[in-house]
Amino acid sequence: MSLLKIENLKVNINGNQIIKGINLEVNAGEIHAIMGPNGSGKSTLANVLAGREDYIVTEGSVTYMGKNLFDMASEVRAREGIFLAFQYPVEIPGVSNANFMRTALNELRKFRNEEPLDAMDFLQLMREKAKLVEIDKTFLNRSVNEGFSGGEKKRNEIFQMAMLQPKLAILDETDSGLDIDALKIVANGVNKLSNENNAFVVITHYQRLLDYIIPDFVHVLYKGQIVKSGTKKLALELEEKGYDWIKKEIDM
Amino acid sequence: MAGELINNILSNFYEFENKLNGSRLSAVHTIRKDALDKFKLIGFPTAKNEEWKFSNPGFVHNHNFELSLNGNDEKITQEIVNQYKFENLDEHLLVFVNGFYSARLSDVKPKKRHIIIGSFAEAIERNSVELLAYFGKFADYNNNGFSALNTAFAQDGAFILIPDGTVVERPIRLLFITDAREQSVLTMPRNLIIAGECSQFKIVETSHTIGSQPCFNNVVSEIVMDFSSNVEYYNIQNNNENSYYVGTTQVSQQRGSIFTGTTITLKGNYIRNNLNSLLDAEACETNYNGLYFVGGNSFVDNHTLIDHAKPNCNSNEVYKGILNDKANVVFNGKIIVRPDAQKTNAFQTNRNILLTDDAKIHTKPQLEIFADDVKCSHGATSGYLDRDSLFYLRSRGIGEEMAKTLLLNAFASEVLEKINIAELRDMVKSYIANKLIQDDVYFCDVLDQLK
């Protein structure tokens, strides 16, 4: 089943065209990796899909589960099952992780005409998911991302993903800044959540993460376009030859 | 117009004097007369006065405020008082009607001997030594027309004396009711609060207007704190749209004392709070916490002054504001560190969130430091809600309104969490939650529910 279909997408930020015609189809059960050098438009793509304002779509279409994605506000996209793991998670002093997730989960349940979770069930769910990404219980009381280390912030993103159970998860350089142990925890979280009904788009700069999350497809984004697609082998080739190899090929 | 009001006030004063009869020559009345002379000289402040630049109190001339010279609580029923009580809060309740103490409506619980929780008028009547010693000694009336006027008409209000070594557990509530159902009213309550050595207590002041005529409360409170006393003073301002309020609270602190002043402003037409502390001995601590969350056409001005006169004292001031609609707000935080006041720590922050383009904030930190071995800092910010935070919350499925609500609650919580009276904190929190959004089910923190 097709979850996401991007056709000829072009995006501007502050008058500069960053994405210059992307085509991509993601089906349920698939893991796609998007790689590419800095400034190629990877994060822009992720943010456009999540609905960040300031990004202006000038051309093309994105269809999510048969609906026009651009008709949905970012909270509606989230309720419909899109999740963005942020490259730079935001610190929100004064809002506890528990309250944040409870509000989000209850908004989701309301959207699906389900009863809100009671406090006991909610806490149990939270503890269970916290275990998955190996975060300490005390973190439930702490303000969202406030004073978290880089690794804790990224693990918190995966934790939120586990809580909300999205259909389409986009991981925006979740591996950047992680040490090898944290990387394994994050990857393990993703692997446990992955099933035939959901899909992952993993944006990464390095091949390293793909040793732990095995992608079905690898795409190389360069200058706002997907210039090469392949299997896991492509990622290994990139690791060996570097992005210059692609750049040369394209720029020729 | 201005002359008319002043003439009314003067004739009020002669009427007041005649009524005094034998006590016209008393020490208290000497101070009143002195204050009246000062008032005649300086009058009400205008925008030309630097301290009133953004808060021109022109309203005093635009309404025919009637000053009542006698207490009359007949028209206030117990039901009216009950609606202003805080749920489940066990408190010593002092009720004032148009500035005059009402014994019938008040409810002071059994207390230890020598503790006085009563009225200013009673204290004058029995020639209280403490009243004579402290009245008019701290709240300066030479430079402030409102304080001068209040001092000239000082008749009634709260008189609280907590003796040495005494801890009062129940909060002491000063509930001011202004009856503006029939005519516009001017009230001038005068409070004197005396904290003995090592005493400890909490005061909660609230003002409420019934009726729709304009009313003006011109309040002066003097708080005198002896060695190692600890006083928490809460002023919760949630009055109606026709209420004008000018309040001056002057705190005098002796060695080792801790004063915490919390001012929460939620509604009112014109509100000017002057909160001043004189740290006139070593090892004092002063904490000011403020939150204003106002909309409509409300005007709010918090003028604070922390005067470090002696070494080794700490002060900490946090004022936060959320401004909606066309709210117009002033924050002026003055900190003086005098040459003697070495080893002073003085910190101040003022943060504002504007929800509309029409809301206005004038913020002015004013640090005057004359000592060289001190740690002082200040910071003031104003801006809109953080867009990255909003997007983050929305990207998790939280609707825009709810996301704003969560962020504003979080913003306010720094101040609200410092309210040490749980019932009061809950009341203010739920009020704010309701003001933000009708559905407050989300604000009971899930972890609180399990406790």
Side-chain angles (χ1 to χ4, degrees), chain A residues 46-47 49-55 73-86 88-112 116-123 126 140-141 143-146 157 160-161 163-164 166 170, chain B residues 289 291 293 318 320-322 349 351 353 379 381 383-419 425 429-430 432-433 436-451:
Chain A
N47 279 289
L49 295 178
R52 190 190 281 271
E53 291 155 7
D54 314 328
Y55 292 68
S74 54
E75 59 265 35
V76 178
R77 297 181 195 189
R79 292 170 196 161
E80 292 277 13
I82 293 181
F83 182 92
L84 171 66
F86 281 54
Y88 304 108
V90 182
E91 295 193 11
I92 307 182
V95 178
S96 71
N97 274 301
N99 225 20
F100 172 40
M101 274 298 103
R102 187 171 189 235
T103 309
L105 204 58
N106 282 342
E107 292 254 286
L108 192 68
R109 294 176 73 93
K110 198 158 79 182
F111 184 74
R112 296 180 187 148
L117 269 187
D118 73 45
M120 266 320 233
D121 290 345
F122 172 76
L123 268 193
M126 226 171 139
L140 306 180
N141 279 320
S143 292
V144 177
N145 293 326
E146 192 187 28
E157 295 294 289
Q160 291 170 31
M161 185 170 82
M163 289 293 290
L164 299 173
I170 303 154
Chain B
N289 306 312
L291 175 72
F293 179 12
V318 179
K320 287 188 144 185
I322 302 169
T349 45
R351 305 210 180 286
I353 292 181
T381 58
Y384 301 104
L385 270 177
D386 181 49
R387 295 182 52 182
D388 286 341
S389 304
L390 264 181
F391 177 60
Y392 192 64
L393 295 175
R394 290 177 68 192
S395 79
R396 300 302 182 244
I398 299 172
E400 191 171 356
E401 284 307 307
M402 180 64 79
K404 282 182 181 170
T405 306
L406 270 177
L407 292 176
L408 292 175
N409 262 293
F411 177 76
S413 71
E414 186 188 355
V415 173
L416 297 179
E417 292 307 323
K418 288 178 181 158
I419 300 177
R425 186 174 58 235
K429 272 186 171 175
S430 76
I432 287 179
L436 286 165
I437 204 159
Q438 292 310 316
D439 181 2
D440 65 351
V441 60
Y442 295 99
F443 298 101
C444 351
D445 204 301
V446 61
L447 298 161
D448 288 346
Q449 281 182 15
L450 291 176
K451 276 178 196 158

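Reminder, nothing fancy here: chain letters follow the sequence lines and each chain counts from 1. These figures come from a predicted structure and were not determined experimentally.
With a 4.5 angstrom heavy-atom cutoff, A:Val76 does not touch chain B via any of its atoms. Interface residue B:Ser413: only side-chain heavy atoms are found under 4.5 Å from chain A. Residue contact with chain B, scored on non-hydrogen atoms closer than 4.5 Å, is absent for A:Pro116.
With rounding to the nearest 0.5 angstrom, the OG atom of B:Ser395 is 12.5 Å from the CG atom of A:Leu49. The distance from atom CD of A:Glu107 to atom CG of B:Leu393, rounded to the nearest 0.5 Å, is 10.5 Å.
Of the possible polar contacts, one joining the A:Glu75 side chain to the B:Glu400 backbone as a donor-acceptor pair under 3.5 Å is found. Side chain of B:Arg396 to backbone of A:Leu84: a donor-acceptor contact under 3.5 angstrom is found.
In this structure the side chain of A:Arg52 reaches within 4.5 angstrom of the side chain of B:Asp388, judged on heavy atoms. Looking at heavy atoms from C-beta onward, A:Phe100 lies in side-chain contact with B:Ile398 at the 4.5 angstrom threshold.
Under a cut-off of 6.0 angstrom, the local environment of OH in A:Tyr88 is sparse, with at most 12 non-hydrogen atoms contributed by other residues, nucleotides or ligands.
Note on ring orientation: taking the six-membered ring where Trp is involved, the planes of A:Phe86 and B:Phe391 are tilted (angle from 30° to 60°).
With sequence neighbours excluded, the residues forming a side chain to side chain contact (heavy atoms under 4.5 Å, CB included) with B:Ala410 are A:Val95, listed by chain and number.
Across A:Asn145 and B:Tyr392, no two heavy atoms sit closer than the pair ND2-OH, 3.2 Å. Closest non-hydrogen pair, A:Thr103 versus B:Met402, comes out as CG2-CG, 3.7 Å.
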